[in-house]
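Taking it in order: structure first as structure tokens, then the write-up.
Keep in mind that this is a model prediction, so the values were computed, not measured. Read the numbers this way: they start at 1 and go in the same order the structure lists the ligands and their atoms. The first residue of the sequence shown is numbered 1, and numbering continues consecutively from there.
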Amino acid sequence: MDADLEHLLFIYALQNAVKHNSAPKSGAVIGTVLGKHPEFRSRVREIGPLAGKVVAKVAAMDGPERKSLLEEIAPELLDELTETREHSRELPALLGAENGVVMRFAPNPSGPLHLGHARASILNDYYVRRYGGRYVLRIEDTDPRRVDPEAYEMVLEDIEWMGLGITDIVYQSDRLDVYYDWCRKLIELGGAYVCVCEAERFRDLKLKKKACPCRDRPVEENLELWQRMLDGEFYEGDATVRVKTDLDHPDPAMRDYSAMRIVNTPIHPRVDATVFPLMNFSVAVDDHLLGITHVIRGKDHIANTGRQRYIFDYFGWKPPVYYHYGRMGISGVVLSTSSMREGIRSGVYTGWDDVHLGTLRAIARRGIEPEAVRNAMVDIGMGETDITFSWENLYARNKELVDPKANRYFFVPDPVEVVVEGAPRHEAHAALHPNDPSRGVRTLVTAGAVLLPKADIEGRSMVRLKDLYNVRIAWDGDLPRVSYAGESLEDARREKAPIIQWLPVDAKLPCTLHTQDGDVEGFCEPLVTGEVESVVQFERVGFARVDSVTDGRVDAFLAHR
Ligand code: GLU
């Protein structure tokens, strides 16, 4: 019997871990097992320790190991996971993708990933999953000024959280010699030249559609200058390699753009170099060398696509198929890496996961699940029209996922303490989940001294305390005098009494609910301490992720209503 229960917990722990691509959550595993196998409800006491044991076992495995084991011992549970994925809507086909694709996600390690990155990475991921193939993570770290050494790790964590199916990882800073090589070849072809003009001077000429004196220098001299750049004979800003484009191009920014430059400071955290490719050059070279077949990126890269095509043309390479989706405005959160960093430094934000930021870690902290982000991004798709990101849709997608799992508890914000006159001692049994009786109940006992949410009783003459009884309220100025008014639901209905949450004064924990509009102080049920890192529903308040419990104080973050 024990073996059966342990096995069940084990396979659901595996399923939970594979689903979220992280260590399994014991609460969720227990919930699922008891939901599907009510026959074990009577053994609820044994389940906790057993679940702890299997969760630790699964937590020690890595992603692929969990998946293959689940496939072997409970393939139907693995199928369940892919079935839910397929509920997402179908995006348009990619041109020429029938035989598989090679795609890439190419973030700069300048900070953790945010919702903007989520769109790019999830859309590419979606198509790699759909057509099969490879998904390259390319860390674009060739601008020493925009590299945050800590971001390398954060980017990987965020990718893991999103559950992207990355197959290869490439660091551009490991490939400087590759870019140097192709730069030399481009110079040899007459497709690039070393420009030693002052930036101002070049700009003036460019705006007048005029060539700078360096443009017509013979290849041999350019190669020499290029070697001198590599040898460190020039200082930052003194020399740059330019791609010969079209001086008559209507967009001045397309005219003879820079492919290589010197950066003396800051020093790159990974490589000892002073010559670095600019994005368009390294992106074009890598997209070709890595065999990228399709590129999905934002419209803000359209001009870059134009620049990169020159490189493909010079070398006679076949470019990938490009798609550019429209801009996505995201309101209510900070997304600019520099503003975030500055705010963290000055103490305005608590860290990269502050709830006011649009980073994935901030969203995760609030209890938004990666699958909700994925579904919301697939809903948005890759239309060219500019749109505003819908938080409502993200919340709706998250609610679909957390509502069935989240246990219910009372949280009383901004409480008033009252004694209900004439109240009998009463035991309330409130369901942990209204649609899943198998999870059982929370038992709240009171002889009449309770906490009530101030805002919900103000101006009221009667309220019903959920799962308890009705109370009548008489107002003595600002002071409520509360008395017992029976248990009849009928009475409550007739008097249009709202049903509100409450807590026994002698069984409660202080709880801070962190929201984007500020912290809400209140109290919650002591059982909430068993829900750390899970999402719960604070009845009538909203879904919240229980972040931590410190010295008997609970910190929770509001996800959404
Ligand atoms: N690293 C660049 C970015 O994150 C390039 C992306 C791309 O070429 O799609 O904006």
query = Run the side chain to side chain contact (heavy atoms under 4.5 Å, CB included) check on Y322 and I296 step by step: do they pass?
reply = CA-CA 6 Å; Y322 296 98; I296 299 176; over 6 Å; no
query = Considering only protein heavy atoms, which is closest to atom 8 (O) of ligand 1, and at what distance to one decimal place?
reply = R297 NH1, 2.8 Å
ask   = Is H117 reaching over with its side chain to a backbone N or O of H114, donor-acceptor style, under 3.5 angstrom?
value = yes
task = Please confirm whether P107 comes within less than 3.5 Å of ligand 1 when only nitrogen or oxygen atoms on both sides are compared.
result = no
inquiry  = Under a 4.0 angstrom heavy-atom cut-off, which atoms of ligand 1 come close to M279?
reply    = 2 (C), 5 (C)
key: Pairwise distance CG(D204) to CZ(F202) - rounded to 0.5 angstrom   = 11.0 Å
request  = Would you mind listing which atoms of ligand 1 come within a distance below 4.0 Å of any non-hydrogen atom of A106?
outcome  = 1 (N), 2 (C), 3 (C), 4 (O), 5 (C), 6 (C)
query = Between E140 and R175, is there a salt bridge with N-O shorter than 4.0 Å?
reply = no
task = Go through ligand 1 atom by atom and flag the ones less than 4.0 Å from a non-hydrogen atom of N108.
result = 1 (N), 2 (C), 3 (C), 4 (O)
remark   = So CH2 of W161 and OG of S22: to nearest 0.5 Å the spacing works out to 10.5 Å
key: Proximal candidate to atom 9 (O) of ligand 1 [heavy atom criterion; set E140, R138, R104, H301]   = R104
